[in-house]
Every structure is written in C-alpha cells, then in structure tokens.
Engineer: 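Please find one structure pasted underneath; my questions will follow.
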Protein chains: 2
Amino acid sequence: MESQRQAEAGKTVQRQRWKQDPEGVRANILEVALKEFADRGLSGARMDEIAAKTRTSKRMIYYYFGDKDGLYRKVLEQTYRKVRTGEKELMLDHLAPKEALRRLTEFTFDHHSRNPDFIRIVMIENIHHGEYLKHSDLIRGLNQEAISRIEAIYDKGLEQGVFRRGCSPLAIHWLISALSFFNVSNRVTFSLLFGDALHNHAGQLDLRSQVADAVLRFVADE
Amino acid sequence: MESQRQAEAGKTVQRQRWKQDPEGVRANILEVALKEFADRGLSGARMDEIAAKTRTSKRMIYYYFGDKDGLYRKVLEQTYRKVRTGEKELMLDHLAPKEALRRLTEFTFDHHSRNPDFIRIVMIENIHHGEYLKHSDLIRGLNQEAISRIEAIYDKGLEQGVFRRGCSPLAIHWLISALSFFNVSNRVTFSLLFGDALHNHAGQLDLRSQVADAVLRFVADE
DNA sequence: ACGCATTTGTACTAAACAGTTAAAACAAAC
DNA sequence: GTTTGTTTTAACTGTTTAGTACAAATGCGT
C-alpha cells in the first residue's frame, strides 16, 4: 500500500523537465546578487541568501561565477554597463547650449534617482578602495563619452557667448555627478538629520530644478 | 636545574603594575575601531583585528561596549560629535555675506577632506539605511546649527541686495555638503574612471575654489 | 548515439567569527 | 579594610559562512 502510494505520487509528480538556459540563469543570479550586494554590502551579503532568492541553486552560482568575489566583480561590471548604456538615449545636438545642459543635468538627476542600486554599488566600491574596479578594463572606455557629450555642449555655448571661459568639461561633469549622486547616496542620513523637505516628492522636483540652476549658473556668462 | 631557571625567570619578569584609566582605554578602543570600521565597513571589520590593534584586549572591548553593534554605535556618535564640534571655530559675523559664504564653503570642503574617516562612516551608515543613526537622539541637535549659520549669512546677503530671493538655507547647506562630501566619498572611483586631474594637489586647490564659485553663483543676485 | 555543457540536490567541511568563561590581581575611594 | 570597578590572560564555545563533494540526470548540437 505504501509502495502503491509512492508509485502514484511518482506518476502525478511531473518529471521535472528543465530547459537549458545558461544566459537566463546567469542573468537571474546577477539580478538577485545585485540587489543583495546593494542592500547589504559586499561582506554583508550572504551567498546562501542570494542562492535562496534565485530560481536556481548555490551550486550554480559557483558553477558560473567561481566564488563570491567573482560574482561581485560581474555584478559591478554589469551594473556600470547597464547604467552607462541607459544614458545614451539623449539627443541634445539640436538644442541651444543652455537648454541642452539643463536637460542633461535633469536627466542625470533622474537617472541616478531611478537607479539607487547602481549608486549603492559605487558607494560600496569606494568603501573597498576601488580594488575591484581597478582590475576591470571593460569599464573605463564607457565613461569618456560622458565628458565628450559635455564638451560638445560647452564649446557650442562658448561660441555663442552664453557660457564663460575657464570651465573644464571634466569639472562640469564632476559637478553634475556630485549633485545627482549625493542626492541618492546620502538621502537617508540627510533626511534623518534635517528632515525630508528635500526628499519628499515635491522636494525632489524642486531640488532637481535647483540643481540644474546651480549647474547653469556655474557656467553662465557674466 | 630547570626549576631554578623558571624561578629566576619568575624573579626577572617585573610584576606588571598597571594604572586604572577607563577613559583612556575607551578612547583608545574607539580610535582603533573608527579606523577599522572606516577602512573595512561594519560587516567587514573584525573584532579580533580591532582588539589586536588596541593597547588592551578583546575582553575589555566587550566589557565596555557589550557587542560589535554597541561598539559601532559609539563610534558613530563620537565621530559625528567630533566633526560637528570641529566646525564651530569659524567666525564669520564680521564678514560681508559673499565673503562669509565663500569662507564657509571652502572651510567645509577642507574640513571634509581632512576627515575621510568621518565621510566613510557616513557612507557606511547610509549603506545600512541609517538604522544606527535612527536610534541615536544625541546627534540630531548638533546639526541645526549648520543651517542657522547659513541662514544668518543668507539673510544679511538679502538685505544688502547681493543675494537673490528664493533660495532656502537648507538647500544651500545641501549644496555645500554635496560637493564637499562627494569630493571625498567618490574620489577613488572618479579618479579611476576619469584620471586624477581633480584630485591631485593642484587639482584640489582649484576644485575648492570652483566649488566656492558654484555656491556663490547659485545664490548671487542677477 | 555520442559527448559536452547544463542542471538538480543535499550533505558536508573547514575556517572564520562573535562572543564567553574563569580565576585572579590590582586600583581607588570611602 | 572593605567594596566596587578595572585589568590581565588565554583558552574555549557555538554559530555562521564560503565553498566543496558527490552522484545523477537531462538538454542539445553534431
């Protein structure tokens, strides 16, 4: 009777037929790992926890990524890549320099705001003295583009006499990054110390516009 | 013969006479722990490592601070307190508003630059969603002062017609903090991606002045 | 039908780690 | 001189953690 039960059970339980989907599995692991690392930090994240949240197993993580560091490295690379490629949609060539710079700034502000996981990974990487980013060649190329984009706008603004001389595109990029980054990275502590006036919904809309003001005023002529 | 050796050794070893210095011991532990947490993060720091670097023992850490979280909490509080009190030296009342704001900005920029451990602790606290700062009442009071200081300068600037209306002291503080903070917090990754033009010695002097420019231009009239 | 890559699942190991135990000895204040 | 808080050791415990062993089965290109 017992064996019959098992036999029936064996029948009803569909033999788990699985597809081969290495890319899907890798992507799923990376997605879960990104969230977990971003949420708890590199040392804080637990491999068992990551494994449990994937649709696959711990065994597969080690199969594809070797060890925890290898996994983190891939998460880091993928995160940078995804965010940077997401920045390319912007068409600013046809706009007047001031308008182009405002759009770029507000776009960056929103973009960082929409990607807190990226911000947190960069924070974590800075905490770890950039030792993983150091050993990743893949990433460096992607970022010069950001500078070129600004340089194009700035040069045009100089020609038209609406921007002052003496600013460097790098410094302008730094300024935009700093404000957009800090807005996300320090949201928690800043809100705790000074209230959420800048970080509730209305506050963010206003702050974005003020950030764009700050950038424009920084490069403005006169 | 062997026992005689031991007896002689027993004589030569000076009975370790020690002083009671609870405050000194606590301070020493906190100092070491700050460096270790700032360097490796909360989960990354090791109690054994901290203990080894103190002039006392692991036992004493637990004697005074209970557990790792308790130690971190005290480090967090002390770090905020030390940095905030270090900001009070500034005498700006007698200066013209523009000059006062420039001095304040450049001071903050330098001050953060001189206290990378503080910056890193704040980063770590943000990574941990501020859960330790949340439960610390001690800290909140210290920070309103920063806003008042700016408000005084801003109001004076309005009276004299050198600042435009419509800026909030909170937003100005946010702006100064963002630029001064980001300069330290993201130094590593920014340098890796874009070179160290802004972060070598000459670059930092220039950047400080540009940051002050940005703040002044943000509030400037016309 | 062959071979290689992929997938499943569980139990395991070895190290790392936070926190404890125990018994003493000493300091300092009263 | 009694009491209370401080300091010294070094071994120890129990848990958490990254990473592995093992064994088998299926997918899929050729």
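Protein chains get the first letters and strands the later ones, always in sequence-line order, with residue 1 at the start of each.
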Engineer: From the set dA22(C), dT7(C), dT20(D), return the single nucleotide nearest to any side-chain atom of V25(A).
Structural biologist: dT7(C)
Engineer: Let's see if you can work this out: which of dA27(C), dG9(C), dG19(D) has an atom nearest to the side-chain heavy atoms of R59(A)?
Structural biologist: dG9(C)
Engineer: When you get a sec, tell me which of dA18(C), dT8(D), dG19(D) is the closest nucleotide to the side chain of K68(A)?
Structural biologist: dG19(D)
Engineer: Any heavy-atom pair between the side chains of R103(B) and F107(B) that's under 4.5 Å?
Structural biologist: no
Engineer: Does the side chain of T56(A) get closer than 4.0 angstrom to OP1 or OP2 of dT8(C) through an N or O atom?
Structural biologist: yes
Engineer: Quickly work out the M47(B) CE to dT16(D) P distance and round it to whole Å.
Structural biologist: 17 Å
Engineer: Would you mind reading off the distance between Q20(B) atom CD and dA25(C) atom P, rounded to a whole angstrom?
Structural biologist: 16 Å
Engineer: Would you mind telling me which residue lines up with the more 5' stretch of DNA chain D, P22(B) or K58(B), judged by nearest nucleotide?
Structural biologist: P22(B)
Engineer: Any idea which of dT8(C), dT7(D), dT6(C) is nearest the Y63(A) side chain?
Structural biologist: dT6(C)
Engineer: Starting the side chain at C-beta, find the nucleotide from dA18(D), dA18(C), dT7(D) nearest to Y62(A).
Structural biologist: dA18(D)
Engineer: How close or far is atom P of dC17(C) from atom CZ of R40(B), stated in whole angstroms?
Structural biologist: 10 Å
Engineer: Let's see if you can work this out: which of dT9(D), dC17(C), dT8(C) has an atom nearest to the side-chain heavy atoms of M60(A)?
Structural biologist: dT8(C)
Engineer: Testing the 3.5 Å rule here: is there a donor-acceptor pair between the side chains of R149(A) and Q144(A)?
Structural biologist: no
Engineer: Heavy atoms only, 4.0 Å cut-off, all strands: where does F65(B) land among base, sugar-phosphate and nothing?
Structural biologist: nothing
Engineer: Could you check whether R114(B) makes a cation-pi contact with F109(B), meaning its NZ or CZ is under 6.0 Å from the centre of the six-membered ring and within 45° of the ring axis?
Structural biologist: no
Engineer: Which whole-number value in Å describes the distance from R55(A) CZ to dT6(C) P?
Structural biologist: 15 Å
Engineer: Kindly point out which of dG19(C), dA18(D), dT6(C) is positioned nearest to the side chain of Y64(A)?
Structural biologist: dT6(C)
Engineer: Check this for me: does any side-chain nitrogen of one of R84(B) and E87(B) sit under 4.0 Å from a carboxylate oxygen of the other?
Structural biologist: yes
Engineer: Starting at OH of Y72(B) and ending at C1' of dA18(C), how long is that distance when rounded to a whole Å?
Structural biologist: 18 Å
Engineer: Counting side-chain heavy atoms from C-beta on, which of dT8(C), dT6(D), dA18(D) comes nearest to R46(A)?
Structural biologist: dA18(D)
Engineer: Is the closest side-chain donor-acceptor distance between D206(B) and Q210(B) under 3.5 Å?
Structural biologist: yes
Engineer: Send over the distance from E36(B) CD to dA18(C) C1', rounded to a whole Å.
Structural biologist: 15 Å
Engineer: To the nearest Å, how far apart are D48(B) CG and dA15(C) P?
Structural biologist: 16 Å
Engineer: Mind checking A51(A) for me? I need base, sugar-phosphate or nothing, with any heavy atom below 4.0 Å counting as a touch.
Structural biologist: nothing
Engineer: Kindly say if S57(A) contacts the phosphate of dT7(C), meaning a side-chain N or O under 4.0 Å from OP1 or OP2.
Structural biologist: no
Engineer: side-chain hydrogen bond (donor to acceptor under 3.5 Å, both in side chains) with Y72(A): which of E125(A), E77(A), H128(A)?
Structural biologist: E125(A)
Engineer: What is the distance, rounded to the nearest whole Å, between atom CD of E49(A) and atom P of dT17(D)?
Structural biologist: 9 Å
